[in-house]
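Reading through the structure tokens given below for one structure.
Note on naming: letters A, B, ... go to the chains in the order of the sequence lines (proteins, then strands), and numbering restarts at 1 for each one. In this text, all values refer to a predicted model and were calculated from it rather than measured experimentally. All values below were derived from every heavy atom in this structure, side-chain atoms included, with hydrogens, water molecules and symmetry-related copies excluded.
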Amino acid sequence: MVEAIRFRDDIHEEPAVSLDAFLDQSNATAVRIEAGEDARLLLPLLDRISLVEIDFPVFGDGRGYSAAQILREAGYEGELRASGDVLVDQLAYMRRCGFDSFIPDAPIDPKVMEEALARYEHVYQGTSDQRTPIWRHRHG
Amino acid sequence: MYQYDQYDQQMVDTRVEEFRDQVKRRLAGDLTEDQFKPLRLMNGLYLQLHAYMLRVAIPYGTLNSKQMRMLGHIARKYDRDYGHFTTRQNIQYNWIKLEEAPDLLADLASVEMHAIQTSGNCIRNISSDQYAGAARDEIADPRPWAEILRQWSSFHPEFSYLPRKFKIAVIASEEDRAAMRLHDIGIQLVRKDGELGAKFFVGGGMGRTPMIAPEIRDFVPADELISYAEACLRVYNRYGRRDNKYKARIKILVHELGAEEYTRQVEEEFAHMKTLGLNPPVEELARITEYFADPAFEGNAPDELDLSDPDFKLWVDQNVVAHKQPGYAIATISLKPKGGIPGDASSAQIDLMADLAEQYSFDELRVTHSQNIVLPHVRKSDLYAVWQKLDEAGLAPANLDLITDSIACPGLDYCSLANARSIPLAQKISERFADLGRQRELGELKLKISGCINACGHHHAGHIGILGVDRKGTENYQLLLGGSAAEDTSLAKITGPGFDEDGVIDAIETVTDVYLEEREGDERFIDTYRRVGMARFKEAIYG
């Protein structure tokens, strides 16, 4: 198994349970969402979650980006992990949507990743990563 | 027109470097074609039948002479000396080498241009009215709104892997020259109590399942535009179908949910989005709007026009429309010469159009979704000189909106999706109907040709549409009647069994004969068709 790439210090080792299982059992703190599942079902329970893993079955299935945004916009501060078909060229957008850890199916070259994440100094739009959009730079 | 500031320039320059790196990784074998494909698609690079095709974005179809010249330079340096203007108000080059693509993009960036998001399942180039800023009937210039949307949609992290491609058009007049309601999102600027805002239509499109977008909100204020657009896109990104490519466009979602339910979900999302601080302040719209201020029109430019040259008069009658400023006119350069390829222009023609824009049109050009070029601000007293120069270069066909001003997709000559050729058919039709007197007798007649069911040639929206299909290994053409991409948007219907190439041209002739027999008063073809109905035409075609 490929090692996780983490952008946070607290490591969460509890295996994530499925959304259905999570909604049924009150003691789990890690949950895994499949691409078609509704992240909003977790909103009332955010307090007790420390890890949400969102699966990308293929890199072109972009539902996980919205799921991540929804959780971050609702104030979720725990670990948000992307798993599955996660490629280096998608990492920057995933970071912008609030993902802070990754378990890709195939290993990612750390050097290429570093370059990809550092490439764009500015962003056009506000997202849950709270970077300052260009329009705000223009108008102070 | 809009000019990049340091931020815009940096974004585009960075993209060039990013793509250079990706191409390097591909050429070195570090990326497989499967991994590289989505990356090149985000930069408008398609692998077609014979070579790579690159699509360059021309935001809302507006460009200046320097940018136009760069398009000519690219045709000369990287392609076979021509380019193809498209129905998305963009330009495509058909013979690009992968290893040269990064240099090409760097050349584009040097004149504030790019190929970002001209393909892929993301928000594409924003289109608009080609007469924006010059039209008499607009309530405001729609382009500042389109530019706000361009910036918001560029490199949007949440909406770059949508179920399918996503097209947005912005207009600001009742007359629709941009096929607004055939877009995934169509926006019409409107005024409410004096305040400018956006009316949203969502879920239009052509392709296999054509739909006219229903209105889902009558007014979105300027400072909520982005959060409303985000809400529309988020509902689509979450619930648009991903199981079947052909049912993945937003029109299918809106249709399956019903416009009312889709709207309800958007409103719910919007209520939440409004709280997130996503909207640029009104000062940003004001900043951008300043770039689109009227050019320095002469207040007393003469309004009369010497039409004593009959050929010039024909061109003025057909290709020139009224400007909001007295003494000025909007002139359309037809890229539909007799026997030509719709939308194609040589580098020399591109350069000439750039020169004319610089000298006579306040340095501005527009690309239309009908694959023509517009000089938006020409002094009437300069029109004759402009026409003479165009005529010498083969750029003065007086056929705007006539039957030979057809839209055609690249078809089987270039495209890997096509089932039939479109270009040779458009060429043959333009020869059959070459007589200008006959064309003018037929009047406004929008002919649109697609070489496959994906409808890039807009056949659903043609007064007369043609759809090329593959029938047991031979090219076959279906004829459609009654479509419109204008404010009276309608979808064309298939007449019946298809034809071979010559057969479909004969059928078009039959159809136009029926029109001439049946028309009342000054009815256009589409008016007569709507009044008389399909049966009369069908009977004449199939007997």
Side-chain angles (χ1 to χ4, degrees), chain A residues 35-40 43 56-70 72-75 85 87-99 106 109 111-112 115-140, chain B residues 5-8 10-11 14-15 17-18 21-22 25 30-31 34-39 42 120-122 148 150-163 226-227 230 233-240 242-243 269 272-273 275-288:
Chain A
E37 292 179 331
D38 184 2
R40 286 220 159 89
L43 298 191
F56 287 80
V58 289
F59 72 84
D61 185 334
R63 287 177 284 190
Y65 294 88
S66 287
Q69 285 265 82
I70 284 167
R72 291 301 191 206
E73 286 164 7
D85 195 14
L87 307 174
V88 68
D89 294 284
Q90 277 86 52
L91 287 186
Y93 284 178
M94 288 183 172
R95 292 284 288 136
R96 293 224 58 213
C97 291
F99 286 103
D109 181 332
K111 191 174 157 289
V112 179
E115 283 171 7
L117 291 179
R119 187 163 269 127
Y120 287 90
E121 187 184 346
H122 294 292
V123 297
Y124 272 123
Q125 52 298 94
T127 63
S128 52
D129 68 352
Q130 302 301 322
R131 287 175 71 183
T132 304
I134 285 171
W135 53 260
R136 186 162 286 147
H137 284 295
R138 284 175 179 144
H139 298 280
Chain B
D5 65 2
Q6 73 206 55
Y7 298 108
D8 299 311
Q10 192 186 7
M11 293 300 278
T14 306
R15 172 60 121 197
E17 289 320 308
E18 179 179 40
D21 174 61
Q22 290 166 343
R25 279 155 58 208
D30 296 341
L31 287 176
D34 273 356
Q35 290 168 332
F36 181 58
K37 186 177 169 190
L39 306 177
M42 288 283 177
N121 292 335
C122 51
I148 287 262
R150 182 191 77 82
Q151 295 187 24
W152 159 74
S153 60
S154 294
F155 313 101
H156 199 298
E158 187 179 337
F159 304 131
S160 288
Y161 296 93
L162 296 168
I226 296 306
S227 35
E230 288 255 349
L233 263 300
R234 180 172 287 175
V235 173
Y236 172 53
N237 192 40
R238 300 186 76 209
Y239 298 112
R242 292 174 187 265
D243 60 324
E269 199 74 57
H272 161 68
M273 293 282 184
T275 66
L276 300 174
L278 301 174
N279 291 286
V282 288
E283 289 77 15
E284 177 63 354
L285 183 61
R287 181 189 77 89
I288 293 171

*Under-4.0 Å salt bridge between A/D109 and B/R25*: no
Using a strict cut-off of less than 4.0 Å between a Lys/Arg side-chain nitrogen and an Asp/Glu carboxylate oxygen, indicate whether B/R234 and A/E73 qualify as a salt bridge.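 Salt bridge between B/R234 and A/E73, a charged N being under 4.0 Å from a carboxylate O: yes.
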**Item:** Pairs of heavy atoms under 4.5 Å with chain A: top-ranked of B/T275, B/N279, B/L233
**Value:**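 Of the candidates given, the most pairs with chain A belong to B/N279.
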Max heavy-atom pairs within cutoff under 4.5 Å with chain A, candidates B/I148, B/D8, B/D30, goes to B/D8
For [X] and [Y], which heavy atoms make the closest approach, and how far apart are they?
X: B/P157; Y: A/Y65; answer: O-CD2, 3.3 Å
X: B/Q22; Y: A/D89; answer: NE2-OD1, 3.1 Å
X: A/S66; Y: B/R238; answer: CB-CG, 3.8 Å
X: B/S160; Y: A/Y93; answer: OG-CE1, 3.3 Å

Contacting moiety of [X], where chain B heavy atoms sit under 4.5 Å:
X: A/D129; value: neither
X: A/H139; value: side chain
X: A/R136; value: side chain

One should read off an interatomic distance between B/F159 CZ and A/T127 OG1, to the nearest 0.5 angstrom, of 10.5 Å
Would you mind checking which part of [X] comes under 4.5 Å of any heavy atom in chain A, side chain (CB onward), backbone (N, CA, C, O), both or neither?
X: B/Q6; result: neither
X: B/E284; result: both
X: B/L278; result: both

Within a strict 4.5 Å, meaning less than it, do heavy atoms of the [X] and [Y] side chains meet?
X: B/H272; Y: A/I70; result: no
X: A/H122; Y: B/T14; result: no
X: A/V58; Y: B/Y161; result: no

Parallel, tilted or perpendicular, judged at 30° and 60°: which one describes the rings of B/F155 and A/Y124?
parallel
Ring geometry between B/Y7 and A/H137 (parallel below 30°, tilted from 30 to 60°, perpendicular above 60°): parallel
Evaluate the side chain to side chain contact (heavy atoms under 4.5 Å, CB included) criterion for residues B/I226 and A/Q125: first the C-alpha distance (whole Å), next the side-chain angles of each, then the deciding distance (0.1 Å), finally the verdict.
CA-CA 9 Å; B/I226 296 306; A/Q125 52 298 94; over 6 Å; no
I'd like to know if the side chain of B/N237 reaches the main chain of A/G62, judged simply by a donor and an acceptor atom lying under 3.5 Å from each other, with no hydrogens or angles considered. yes
Does B/D5 form a side chain to side chain contact (heavy atoms under 4.5 Å, CB included) with A/R138? I'd like the steps, not just the answer. CA-CA 10 Å; B/D5 65 2; A/R138 284 175 179 144; 2.6 Å; yes
| task | State whether a side-chain donor-acceptor pair under 3.5 Å links A/Y120 with B/Q10. | result |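 No pair is found: no donor N or O on one side chain lies under 3.5 Å from an acceptor on the other.
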Q.
Would B/M11 and A/V123 count as a side chain to side chain contact (heavy atoms under 4.5 Å, CB included) here? Give the steps.
A. CA-CA 8 Å; B/M11 293 300 278; A/V123 297; 5.5 Å; no
Counting heavy-atom pairs closer than 4.5 Å to chain B, which one of A/G60, A/S128, A/G126 comes out on top?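 Among the listed options, the one with the most contacts to chain B is A/G60.
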TODO: Report the C-alpha distance between A/R63 and B/R242 in whole Å, list the side-chain angles of each, state the deciding distance to 0.1 Å, and finish with yes or no for side chain to side chain contact (heavy atoms under 4.5 Å, CB included).
DONE: CA-CA 10 Å; A/R63 287 177 284 190; B/R242 292 174 187 265; 3.3 Å; yes
